[in-house]
Amino acid sequence: MNLQQELKMQHGFLSIKRVKLPPEFPLPDYDEKGCTLKLLNRAFAGETLCFTDTNVTCHGAAANFGLRDGLPSVPGGFGHFISHGRGAGFPPGERVKCSPEIGEKMFLNQPQKVMDGFDAIRVKPYEQGDETDTVTALVTPDQLAALIHIFCFRKTSYDNVIAPMVSGCASVFRIPFGELQREESRAVIGNIDVFSRPHFAANTYFFTVSGKDFATMLEDVDNSVLAASIWSGVHSRL
């Protein structure tokens, strides 16, 4: 069966790959301001995107995409920005973490050097046979449940999926890229970040897996829970 059709997904899957740009590559200039992650809406609509640390559109994107290591560059300091702020002249604190120290430690504890020598990230609609590092979908809770079932079809452990409290873009890029460094990569539920959620449809989350795992998922669709009679109770309300 066709996975996208069976899950009645409004958007298809995205193919995400780290690449090395040739010299003099005509890098796109994205003129939208604010959150860079919202540009993925253009990829879901069919556009191919290419990101480097010079053409992302918000302060934290280069670090959160994994294009640059170290703390994001934010006026007043990243630790203050992600916690209680630092007074007049600086962005208001996001209050995601209880203190600047905790905020900085959280970020530096995320996977580092995830670009593996590449300098850009290509994002495009997934096509069968794509060579891709990761595959991402934007899905409803019922669709998410189905994808988790299929992803875990061959797994022996129970903790194969994580939902990290990180920025929306880190949950799609840095963290899944970090999972590629593991012997057995986990799936990542993304867009928990309340600051990125307004840029995408209500009641949706990102679900990202390695390209290798996605290929296995496509092989398993016909034999997975989607072939069980109990699936009809969920399928009917998609």
Side-chain angles (χ1 to χ4, degrees), residues 11-75 78 81-82 91 107-108 110-127 130-139 164 166-181 185 187-193 195-201 204-211 214:
H11 306 288
F13 296 94
L14 295 183
S15 169
I16 300 177
K17 186 173 178 60
R18 299 164 296 179
V19 296
K20 190 77 173 177
L21 292 182
E24 318 252 332
F25 181 84
L27 194 64
D29 181 16
Y30 300 117
D31 55 4
E32 296 186 38
K33 302 303 180 184
C35 176
T36 304
L37 189 64
K38 69 182 179 182
L39 291 170
L40 293 196
N41 288 307
R42 289 164 55 167
F44 282 120
E47 187 174 338
T48 295
L49 309 175
C50 184
F51 298 110
T52 73
D53 64 354
T54 62
N55 75 335
V56 290
T57 59
C58 59
H59 285 300
N64 286 305
F65 274 56
L67 292 160
R68 185 185 303 158
D69 287 325
L71 297 174
S73 177
V74 181
F78 173 75
F81 173 67
I82 203 172
F107 192 89
L108 294 175
Q110 294 179 29
Q112 303 293 307
K113 302 186 185 303
V114 298
M115 287 300 290
D116 197 26
F118 296 102
D119 58 12
I121 300 170
R122 185 203 68 198
V123 183
K124 61 182 284 292
Y126 177 84
E127 298 175 276
D130 271 351
E131 291 186 6
T132 182
D133 290 327
T134 60
V135 174
T136 290
L138 183 66
V139 291
V166 295
S167 70
C169 44
S171 69
V172 175
F173 295 98
R174 179 180 283 277
I175 302 302
F177 289 160
E179 288 298 309
L180 300 178
Q181 301 169 349
S185 59
V188 182
I189 297 172
N191 208 28
I192 305 297
D193 180 9
F195 295 94
S196 63
R197 288 195 60 75
H199 302 300
F200 302 94
T204 59
Y205 297 91
F206 283 107
F207 183 72
T208 304
V209 299
S210 72
F214 187 68

For the backbone of [Y] and the side chain of [X], can you confirm whether one donor and one acceptor N or O come within less than 3.5 Å of each other?
{"X": "R197", "Y": "T204", "result": "yes"}
{"X": "D69", "Y": "K113", "result": "yes"}
{"X": "D133", "Y": "S210", "result": "no"}
{"X": "S185", "Y": "L180", "result": "no"}
{"X": "E47", "Y": "A45", "result": "no"}

Do the side chains of [Y] and [X] get nearer than 4.5 Å, heavy atoms only?
{"X": "F107", "Y": "P72", "answer": "yes"}
{"X": "D193", "Y": "S171", "answer": "no"}
{"X": "K20", "Y": "D119", "answer": "yes"}
{"X": "C50", "Y": "I121", "answer": "no"}
{"X": "I175", "Y": "V114", "answer": "no"}
{"X": "L40", "Y": "V123", "answer": "yes"}

- Query: F206 and F200: aromatic ring centres closer than 6.0 Å?
  - Reply: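 That pair passes the under 6.0 Å test.
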- Please work out whether the ring planes of F65 and F51 are parallel, tilted or perpendicular, with thresholds of 30° and 60°.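 The arrangement is perpendicular - the two ring planes meet at more than 60°.
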- Query: F44 vs H11 aromatic rings, parallel, tilted or perpendicular, using cut-offs 30° and 60°?
  - Reply: tilted
- Task: Give, for atom CG of L138 and atom OH of Y205, the distance between the pair rounded to the nearest 0.5 Å.
- Result: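 Answer rounded to 0.5 Å: 11.0 Å.
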- Task: Hey, could you give me the OG1/CG distance between T57 and L37, rounded to the nearest 0.5 Å?
- Result: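 Going from the OG1 atom of T57 to the CG atom of L37 covers 9.5 Å.
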- Task: Indicate whether any N or O donor in one side chain lies under 3.5 Å from an N or O acceptor in the other, for T134 and T208.
- Result: no
- Would you call K124-D130 a salt bridge at under 4.0 Å N-O? yes
- Message: Which heavy atom of V209 sits nearest to which heavy atom of F214, and what is that distance?
- Response: CG2-CB, 3.8 Å
- Item | Residue H199 excluded, over 12 heavy atoms near NE2 under 6.0 Å | yes
- Task: Scan R174, R18, R68 and name whichever one has a side chain to side chain contact (heavy atoms under 4.5 Å, CB included) with M115.
- Result: R18
